[in-house]
Colleague: 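A single structure is presented below for examination.
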Amino acid sequence: MIKKKRVILMGNPNVGKSTVFNEITGSHQHTGNWTGKTVGSCVGKYEYKYTEYELTDLPGTYSLLASSEEERVARDFLCFEDYDCVVCVVDATNLERNLNLVLQVLELTDRVVVLLNLCDEAKKKNISLNCEILSKSLGIPVIRATARSGKGINELLEVVHTISNNTRVNNSATMYYSNAVEEAVHQVKRALKSTIDTDKNLRFFALRLLENNDSFDESFKDNFGRDILQKGSLRGSLNNARKKLNQLGVDVAKETTRQIFNRSSELTGQVVSRLPSKKDRREALLDRLLLGKKTSIPIMLVLLGIILWLTIVGSNYPSALLQEWFNSFELWLGEKMCELGISNTIISLVVNGVLRVLLWVVAVMLPPMTIFFPLFALLEDFGILPRIAFNLDGAFEKCGACGKQALTTCMGYGCNAVGVTGARIIDSPRERLVAVITNSLTPCNGRFPLLIAIIGMFFCGSSIYSAMLLLVLIAFSMLVTMGVSRILSSTVLKGVSSSFVLELPPYRKPKIMPLIADTVREKILFVLARAVVVAAPAGLVIWALANININGSSLLSIISEFLEPFGQFIGLDGTMLLAFILGFPANEIVIPIALMMYLSTKELGDYSSLEALKGILVDNGWTVTTAICTCVFSLFHFPCSTTLLTIYKETRSAKWTLLSFVTPLITGVIICAVINAVGSLF
């Protein structure tokens, strides 16, 4: 008769768990290199020595002190499911970080074996590990392995078989904490023993309940009864223990985390020796520069400045060339429609209205996106972008947001719609909403043409100086994003910020062609397609407003005059304010619309040079204050229709979509009004 056993496979992300799973079960699960690639769990089967094993591959997790969906799934499975053995897959090249999870698992069960994977990589990096000392210190088996070549798998199967078929085989060491915590644990553990029926380690349950973690409390109630925490002895013991710890100023979660980290560091020092290679020394130098307190922010700004400069300089020629081709196409199409006997009104509507706006968006958006997105992807693939996010993590956490918002904010520089979809990486719904709502405060590349044009006309003509000033505006937008995040986290989206564990990947040489192909497919075409969908009907609306007259005045002029007082209040004018409103489909068409109204024409037109455009603006009352307020309002106003549509699709809520529309608008109005008031004093 074949016996049946259940084994759990777990570990940090990117330690080779899926490879181990595939080697053992013969399955072929996807082995991605991204944190949180699975939130569910993969299950496979294998037979060994007349025993049938069910192997469950839990999602990659850094901790059982769950602050993400992956960690919650792994923790709940370990706490409340039945199993015979836990295999902790550990990265031999980064033992200290991985041991944190192993020590937490050992607090729950001693039926554990450590698989020290990637030993070949450790050897290449001159890392030597003493498995005997590690095994003795932990009180559990430790096996060397290189899973992708099958080394260590047979030994693992034998150890798993031994543990699964014996009542108790390990003598794992127990972590002990301060007297106050241990006394509280003893009190709650005694109450648990008389309240619940389980073969799990009650010490682990006591520690988690003392942390007063809502996530664990809910899972505990789901498995032992919704009223379990209200039962007499447990309720009294838990409340008394929590009250006493609170009076002593003891935070159980922080103390257990600190002690486990200290123990991990101590064990690593005992079993790991390393002779750094030239590559290690180079990477260490890069990390000192990119993560240093004094160097990280300046280097981050320089890198962003270089990307902006390349985008500004590199997109000018292709944009002009596309515009020239599109102008020729418009003339050709107009002539053909005229030859077919189509009325001038229809030709004007189709060619000068719908088609012109559509082609303008493509001509202005495509070149900078083609430069900006791949350059940004290079930073990500090389390993620099995660380090930039790491530098911004603390600031966002202080704002009551999640550190991952730093990543979504960076995505927003390419396109706010991409930044909004990128917020999916944030596990907390509250923090995800903060990231979604504030992403439109980040200037996307669609706003760069207007910002660059105004900077060049009123402040500096050099592309280098323009990039530097644009960088200052971007840094300002980052500060405002943090400020608004803080306000949202303290009001409508009030809550406690979650911890953010960011794994800094190794530096690696980017694969240029696959990277460009992925960027074109997943970002450039995605954004361009959504922009095109909304640009065509926008062209129809703009044409209609410019060509429908009431008492000799176009609707554009009438609406512009109506908006003039409010426009003056925030340092703009009615024309520019209406241009922003009509630019809702795409920020790229704001300047052409304004130019059309200033020149009193009935169709969008191009301008021959910045100097000529400046003359038009100055003749219509523009000052330096107007230029500053226009730049600021371009930074902070309602999201474009593409982004707003994306927000609704991501949130499925009209309320949050409306708040995402109003928040940047109110921010821009307030800042512009203040600037205008100060400017009027001089």
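What you see below is based on every heavy atom in this structure, not just the backbone, and it leaves out hydrogens, waters and symmetry mates.
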Colleague: Considering all heavy atoms of both residues, which atom of Leu156 and which atom of Ile143 are nearest to each other, and what is their separation?
Modeller: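 The pair with the smallest heavy-atom distance is CA-CD1, 3.5 Å.
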
Colleague: Using side chain to side chain donor-acceptor pair (under 3.5 Å) as the criterion, list what pairs up with Asn154, not counting sequence neighbours.
Modeller: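 Asn154 satisfies side chain to side chain donor-acceptor pair (under 3.5 Å) with no residue once adjacent residues are dropped.
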
Colleague: Between Gln405 and Thr438, do the side chains contain a donor N or O and an acceptor N or O under 3.5 Å apart?
Modeller: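 Side-chain D/A pair, Thr438 to Gln405: present.
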
Colleague: Among all residues two or more places apart in sequence or in another chain, which pass the ring pair (Phe, Tyr, Trp, His ring centres under 6.0 Å) test with Tyr46?
Modeller: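 Ring pair (Phe, Tyr, Trp, His ring centres under 6.0 Å) list for Tyr46, sorted by chain: Tyr53.
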
Colleague: Answer yes when Lys189 and Glu182 have at least one side-chain N-carboxylate O distance shorter than 4.0 Å, and no when they do not.
Modeller: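 Glu182 and Lys189: not salt-bridged.
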
Colleague: If you draw a 6.0 Å radius around NZ in Lys151, do more than 12 non-hydrogen atoms from other residues or ligands fall strictly inside?
Modeller: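 Counting neighbours around NZ of Lys151, 12 or fewer heavy atoms of other residues, nucleotides or ligands fall under 6.0 Å, so no.
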
Colleague: Residues two or more places apart in sequence or in another chain: which of them pass side-chain contact (heavy atoms from CB on, under 4.5 Å) with Phe261?
Modeller: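 Listed in chain order: Asn100, Thr257.
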
Colleague: Ser164 versus Val7: any side-chain heavy-atom pair under 4.5 Å?
Modeller: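 Answer yes - side chains close enough.
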
Colleague: Do the charged groups of Arg424 and Glu650 touch, with an N to O distance under 4.0 Å?
Modeller: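 A salt bridge links Arg424 with Glu650.
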
Colleague: Taking side chain to side chain donor-acceptor pair (under 3.5 Å) as the definition, give me every residue that meets it alongside Lys49, ordered by chain and number, with sequence neighbours left out.
Modeller: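 For Lys49 the side chain to side chain donor-acceptor pair (under 3.5 Å) partners, ignoring immediate neighbours, are Glu158.
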
Colleague: Tell me yes or no: between the side chains of Ser219 and Arg75, is some donor less than 3.5 Å from an acceptor?
Modeller: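 Side chains of Ser219 and Arg75: pair found under 3.5 Å.
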
Colleague: List the residues meeting salt bridge (Lys or Arg N to Asp or Glu O under 4.0 Å) with Asp251, not counting sequence neighbours, and say none if there are none.
Modeller: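 With sequence neighbours excluded, Asp251 shows a salt bridge (Lys or Arg N to Asp or Glu O under 4.0 Å) to no residue whatsoever.
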
Colleague: Restricting to salt bridge (Lys or Arg N to Asp or Glu O under 4.0 Å), what partner residues turn up for Asp84, sequence neighbours left out?
Modeller: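 Salt bridge (Lys or Arg N to Asp or Glu O under 4.0 Å) check on Asp84 returns nothing, list empty.
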
Colleague: Has Thr295 got a side-chain atom pairing as donor or acceptor with Leu289's backbone, closer than 3.5 angstrom?
Modeller: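 Yes, Thr295 side chain to Leu289 backbone: donor-acceptor pair under 3.5 Å.
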
Colleague: By salt bridge (Lys or Arg N to Asp or Glu O under 4.0 Å), which residues pair with Arg288, not counting sequence neighbours?
Modeller: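 Testing Arg288 for salt bridge (Lys or Arg N to Asp or Glu O under 4.0 Å), a comparison that skips the adjacent residues, returns none.
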
Colleague: Do NZ/NE/NH1/NH2 and the carboxylate oxygens of Glu121 and Arg148 come within less than 4.0 Å?
Modeller: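 Here Glu121 pairs with Arg148 in a salt bridge, since their nearest N and O are under 4.0 Å apart.
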
Colleague: Identify, with sequence neighbours excluded, every residue that meets side-chain contact (heavy atoms from CB on, under 4.5 Å) alongside Cys399.
Modeller: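 Expected list: Met482, Ser485, Arg486.
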
Colleague: Any non-hydrogen side-chain atom of Val112 less than 4.5 Å from a side-chain atom of Cys88?
Modeller: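 Answer yes - side chains close enough.
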
Colleague: Test of understanding: with side-chain contact (heavy atoms from CB on, under 4.5 Å), list the residues that count as partners of Leu192, not counting sequence neighbours.
Modeller: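 Expected list: Val188, Ile196, Leu202, Phe205, Ala206, Leu209, Phe220, Leu234.
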
Colleague: I'd like to check the side-chain contact (heavy atoms from CB on, under 4.5 Å) partners of Gln259; sequence neighbours left out, ordered by chain and number.
Modeller: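 Scan of Gln259 (side-chain contact (heavy atoms from CB on, under 4.5 Å), adjacent residues dropped) gives Met175, Tyr177, Glu255, Asn262.
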
Colleague: Is the closest basic N to carboxylate O distance between Asp76 and Arg72 below 4.0 Å?
Modeller: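 Answer for the salt bridge query: yes.
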
Colleague: Using side-chain heavy atoms (C-beta onward) and a distance below 4.5 Å, is Leu55 in contact with Val43?
Modeller: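 No, too far: nothing below the 4.5 Å cut-off.
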
Colleague: Output all residues satisfying side chain to side chain donor-acceptor pair (under 3.5 Å) with Asn416, sequence neighbours left out; order by chain, then residue number.
Modeller: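 So Asn416 forms a side chain to side chain donor-acceptor pair (under 3.5 Å) with Asn439, Arg447.
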
Colleague: Could you tell me which residues satisfy salt bridge (Lys or Arg N to Asp or Glu O under 4.0 Å) with Glu81, sequence neighbours excluded, listed by chain and number?
Modeller: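 For Glu81 the salt bridge (Lys or Arg N to Asp or Glu O under 4.0 Å) partners, ignoring immediate neighbours, are Arg6.
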
